[in-house]
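Below, all heavy atoms of this structure are taken into account, side chains as well, without hydrogens, waters or symmetry copies. None of these values were measured; they are calculated from a predicted model. Atoms within each ligand, like the ligands themselves, are counted from 1 in listed order.
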Amino acid sequence: MSKYKDAKRVTTQILKAMKDGGEKISMLTAYDYSMARIVDDAGIDIILVGDSASNVMAGHETTLPITLDQMIYHATSVVKAVKRSFVVVDLPFGTYQSDPKGALKAAIRIMKESGAHGVKLEGGAEIKESIRRILTAGIPVMGHLGLTPQSIYKFGTYTVRAKEEEEAAKLVEDAKLLEKVGCFGIVLEKIPAKLGKIVAESVEIPVIGIGAGKDVDGQVLVIHDLLGITKEFQPRFLRRYLDLYAEIKGAVEHYIKDVKDKDFPNEKEQY
Ligand code: KIV
């Protein structure tokens, strides 16, 4: 049970207070009105309109193709449904890497057109000027370190990051930098649990893990993975709470049978 369950709206200040008070932060993705309504009603602290929409909603192999307009479309639908959660939207690939002005423009479009509460960017030192620029407009920024899917072609695989000392040291430095620049939180993806603990202890802002172990300040999952809608994606860190793929398939098969058997609609189901 959250100490902040009756908060009218989760804020960055509440997220920080959760970390300070040792309350773990819950975060999930959502990309549409109906799902966001359920997730918010259940009491999630942060809803991430992730660029994983590129995979689970649009069927792309990577997160790279999704556009700013498409992210705004998803974010607008989510924000309409949400009452309590803090809504963060991913800045899509290509909108913040080239210049800080462009990054600010993209972030402003997201905030203005969707009504979201903050944005998330992947990377550390190399994008610090973009983060600084976005923060000048009063837009809360969340960082994302470790496995950063927008850089998949640089990494080559989706395996665990920062196992080597050099990459781990850079990650800790990047986390400290993101805090210094003014990020309100950091997502840490697919790194050794030991390193997750070190990062969470090295900064005062909340660190939310996905495959970063239990000693971070909160956890995030892609909702389609948690619900078992995606089948092939089976990383060690994923806990599935439902097998919704099978449930939905079963329901659809049942419906098809009822239609074919002339059992649907029955007498009571028609005017
Ligand atoms: O896009 C996304 O869903 C994410 C999560 C994996 C953290 O960035």
Side-chain angles (χ1 to χ4, degrees), residues 15 24-32 35-36 39 44-68 70-75 77-78 85-97 106-107 110 114 116 118-124 127 131 140-152 155 157-162 171 175 178 183-191 196 199-200 205-213 216-227 229-230 232-240:
L15 296 169
K24 298 283 185 184
I25 297 166
S26 61
M27 175 167 166
L28 275 176
T29 66
Y31 317 98
D32 67 274
M35 191 68 85
V39 171
I44 206 79
D45 297 315
I46 306 176
I47 291 183
L48 172 66
V49 183
D51 58 358
S52 48
S54 181
N55 309 110
V56 298
M57 300 302 287
H60 294 300
E61 202 180 314
T62 72
T63 57
L64 276 70
I66 199 158
T67 66
L68 182 58
Q70 287 165 341
M71 288 303 295
I72 290 171
Y73 165 78
H74 288 295
S77 315
V78 166
S85 312
F86 188 83
V87 180
V88 180
V89 182
D90 268 333
L91 275 183
F93 177 69
T95 58
Y96 60 93
Q97 290 90 349
I110 287 177
S114 76
V119 297
K120 176 163 82 59
L121 285 72
E122 294 182 6
I127 58 153
I131 295 176
V141 176
M142 188 166 212
H144 184 153
L145 299 171
L147 176 65
T148 46
Q150 291 180 10
S151 306
I152 186 58
F155 297 145
T157 74
Y158 286 100
T159 52
V160 181
R161 301 303 316 170
L171 194 148
L178 292 179
C183 288
F184 73 86
I186 300 170
V187 163
L188 266 190
E189 183 163 350
K190 220 169 177 188
I191 59 163
V199 174
I205 54 174
V207 173
I208 316 289
I210 173 163
V216 288
D217 307 308
Q219 299 293 329
V220 56
L221 284 176
V222 169
I223 186 85
H224 289 61
D225 299 335
L226 171 149
L227 296 176
I229 297 173
T230 47
E232 294 77 15
F233 186 61
Q234 291 179 334
R236 190 196 297 189
F237 67 75
L238 174 59
R239 187 179 294 182
R240 290 196 196 282

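- Of all atoms in ligand 1, listed by their number and element, those nearer than 4.0 Å to a heavy atom of Asp90 are 1 (O), 2 (C), 8 (O).
- Side chain of Ser52 to main chain of Asn55: no donor-acceptor pair is present (N/O by atom type, distance under 3.5 Å, no hydrogens or angles).
- Residues Asp225 and Thr230 have side chains that bring a donor and an acceptor to within less than 3.5 angstrom of each other.
- Distances below 4.0 Å separate heavy atoms of His144 from the following atoms of ligand 1: 8 (O).
- The atoms of ligand 1 that sit less than 4.0 Å from any heavy atom of Val222 are 3 (O).
- With ligand atoms numbered from 1 in the order given, ligand 1 contributes 3 (O) to contacts under 4.0 Å with heavy atoms of Thr29.
- Atom 3 (O) of ligand 1 has as its closest protein heavy atom Ser52 OG, 2.5 Å.
- Within the listing of ligand 1, atoms 1 (O), 2 (C), 3 (O) sit less than 4.0 angstrom from a heavy atom of Gly50.
- Residues Pro235 and Lys190 approach most closely at CB-NZ, 4.5 Å, considering heavy atoms.
- The distance from atom CG of Leu28 to atom OG of Ser85, rounded to the nearest 0.5 Å, is 9.5 Å.
- Of the protein's heavy atoms, Leu48 CD2, 3.5 Å lies nearest to atom 4 (C) of ligand 1.
- If you number the atoms of ligand 1 from 1 as listed, the ones under 4.0 Å from a heavy atom of Ile210 come out as 6 (C).
- Taking a cut-off of under 4.0 Å to the non-hydrogen atoms of Glu189, the atoms of ligand 1 that pass are 6 (C).
- Taking a 6.0 Å sphere around CZ of Phe237, one finds it holds more than 12 heavy atoms contributed by other residues, nucleotides or ligands.
- With Asp45 contributing its side chain and Met27 its backbone, the two residues share no donor-acceptor pair below 3.5 Å.
- Considering only heavy atoms from C-beta on, Glu122 comes within 4.5 Å of Asp51 through its side chain.
- Distances shorter than 4.0 angstrom occur between a heavy atom of Lys120 and an atom of ligand 1.
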